[in-house]
Amino acid sequence: MTPSSDPIDQNAETSESLRFSPNFVFGVATAAYQIEGAVTTDGRGASIWDTFSHTPGKVKNGDTGDNACDHYHRWASDLDLVQSLGVDAYRFSIAWPRLYPSGKGALNPKGLAFYDRLIDGCLERGIRAFPTLYHWDLPQALADKGGWTDRGTAEAFAEYSATVMDHYGDRIDAVTTFNEPWCSSILSHLHGVHAPGKKNLDTTLAVVHGQHLAHGLSVQAMRASRDTVPLGIVLNAQSVYPATDRDEDLAAAQRHETFNNALFFDPLFNAQYPQAVVDALGDRLPSGWQDDMSTIHQPLDYWGLNYYCPHYVTDADLSSNAYPASKAFERPSVPRTDIGWEIDASTMTDLLLKLSDQYTLPPCYITENGAAYNHDVVQGRIADAPRTEYMQQHLAAVAKAINQGVDIRGYFAWSLMDNFEWAEGYDMRFGLVHVDYATQTRTLKDSALWYQALMQSRSQ
Ligand code: FCB
């Protein structure tokens, strides 16, 4: 599929949308800390991302989510934008510290009211609401008591989940417990890149387990509240390849895949940790972990895949090949987006086929896919043809997986608009809609016009 320099090439759009059934859900996605701003407004408590982004050296340019896209105040016009794109659904996250400023205890009515406005605003505009409970903004008060290493955090998460379902359950279309637990455990407690910025394997294992437990308790609590809303979890499964076919690289790729994928899929879908992880690290998992496996393994209505790029792995220069040692291999001379992530849509199809082969999974939604390109506004236009091309290629990859039997029910573009890209700050722009942070002006990029035309072509 070749991109068109004209963002509204009707023929291309029509043939593309015909790949998907009329029930296939198209949407856009965001997350609370990345867009809301208003971090001290209406009683919101602090989260670990407030603390982390205000710690010098943690986020590029010292950027924080203090103002972000000011979505807390601009939610209505932002929902108008979502509606204008013609999508079916909006995936957003609820900020736990807005509902429970200290993570548990007193519920904050003003925080609750904000998501009432947002969810009712979706309904009024004919947009289906797909909230996520945890997109990384752990209340700082809980972090101070041990965060996800403390079982009390999992219990507090279940209470917060029940509140969400009790209060909003009559108006929402699906609830995701966790967004990418890999990021909120391994990336943030082993690699130190995301909040809270730790680098400790034992802590990481305790966090992985604590989040799994919280997911299980959350699903139980939500089903007890209302059993009609579909529940799921979103995973950023990696499509892993060895850098070469040397035995050492194959072994490193295998280790990498087990530690970064199976560590999540096996407990959630098979009620067990991967045997290789138990063999290597079992004595470092929190004691009594075996007793939690049946709680963790809850029947789910869907799972979400967030997919951006393949991962090549080598064992070169490793001083040890013990778990979880592996080393990223940057392939030279391959196409990359502005954030440096390799572009290869065929790896998305491969991953979807492989996972549905390895596990018995519920239906899948592509809950995030998109590209960082930092095009400027030139005379009111953002000519981001590479983003459109990226999305066309990945939608085709999704269609290919469906044709080969994978049950995929929807696709959410990341992201509705440019936003606070975590440790990258505001430099990396993933939006379909451009945000001028000084004026908070939103401008549809060419890719947004393309997505809009694609949505329109469905109803023709
Ligand atoms: C994912 C996150 C999302 C966004 C994209 C680019 O890992 O879920 O919040 O940052 O990457």
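The model shown is predicted, which means the values in this text are computed figures rather than measured ones. Order of listing sets the numbers, starting from 1, for every ligand and every atom in it. Excluded from the calculations below are hydrogen atoms, water molecules and symmetry mates; all remaining heavy atoms, backbone and side chain alike, are included.
Tyr308 places no side-chain N or O within donor-acceptor distance of the main-chain N or O of Ile343, the cut-off being under 3.5 Å.
A salt bridge links Arg331 with Glu342: at least one charged nitrogen is closer than 4.0 Å to a carboxylate oxygen. Arg74 and Glu36 are not joined by a salt bridge, as no carboxylate oxygen comes within less than 4.0 angstrom of a charged side-chain nitrogen. We find that Asp315 and Lys327 are not joined by a salt bridge, their nearest charged nitrogen and carboxylate oxygen being 4.0 Å or further apart. A salt bridge links Lys445 to Asp418: at least one charged side-chain nitrogen sits closer than 4.0 Å to a carboxylate oxygen. Salt-bridge annotation for Arg151 and Asp292: present, with a side-chain N of the basic residue lying under 4.0 Å from a carboxylate O of the acidic one.
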Which protein N or O atoms sit under 3.5 Å from any N or O of ligand 1? Give each pair with its distance.
residue, atom, partner, partner atom, Å
ligand 1, 7 (O), Glu180, OE1, 2.6
ligand 1, 7 (O), Glu180, OE2, 3.0
ligand 1, 8 (O), His135, NE2, 3.3
ligand 1, 8 (O), Asn179, ND2, 3.0
ligand 1, 8 (O), Glu180, OE2, 3.4
ligand 1, 8 (O), Glu368, OE1, 3.2
ligand 1, 8 (O), Glu368, OE2, 2.9
ligand 1, 9 (O), Gln34, OE1, 2.7
ligand 1, 9 (O), His135, NE2, 2.8
ligand 1, 9 (O), Trp422, NE1, 3.0
ligand 1, 10 (O), Gln34, NE2, 3.4
ligand 1, 10 (O), Glu421, OE1, 2.7
ligand 1, 10 (O), Glu421, OE2, 3.2
ligand 1, 10 (O), Trp422, NE1, 3.0

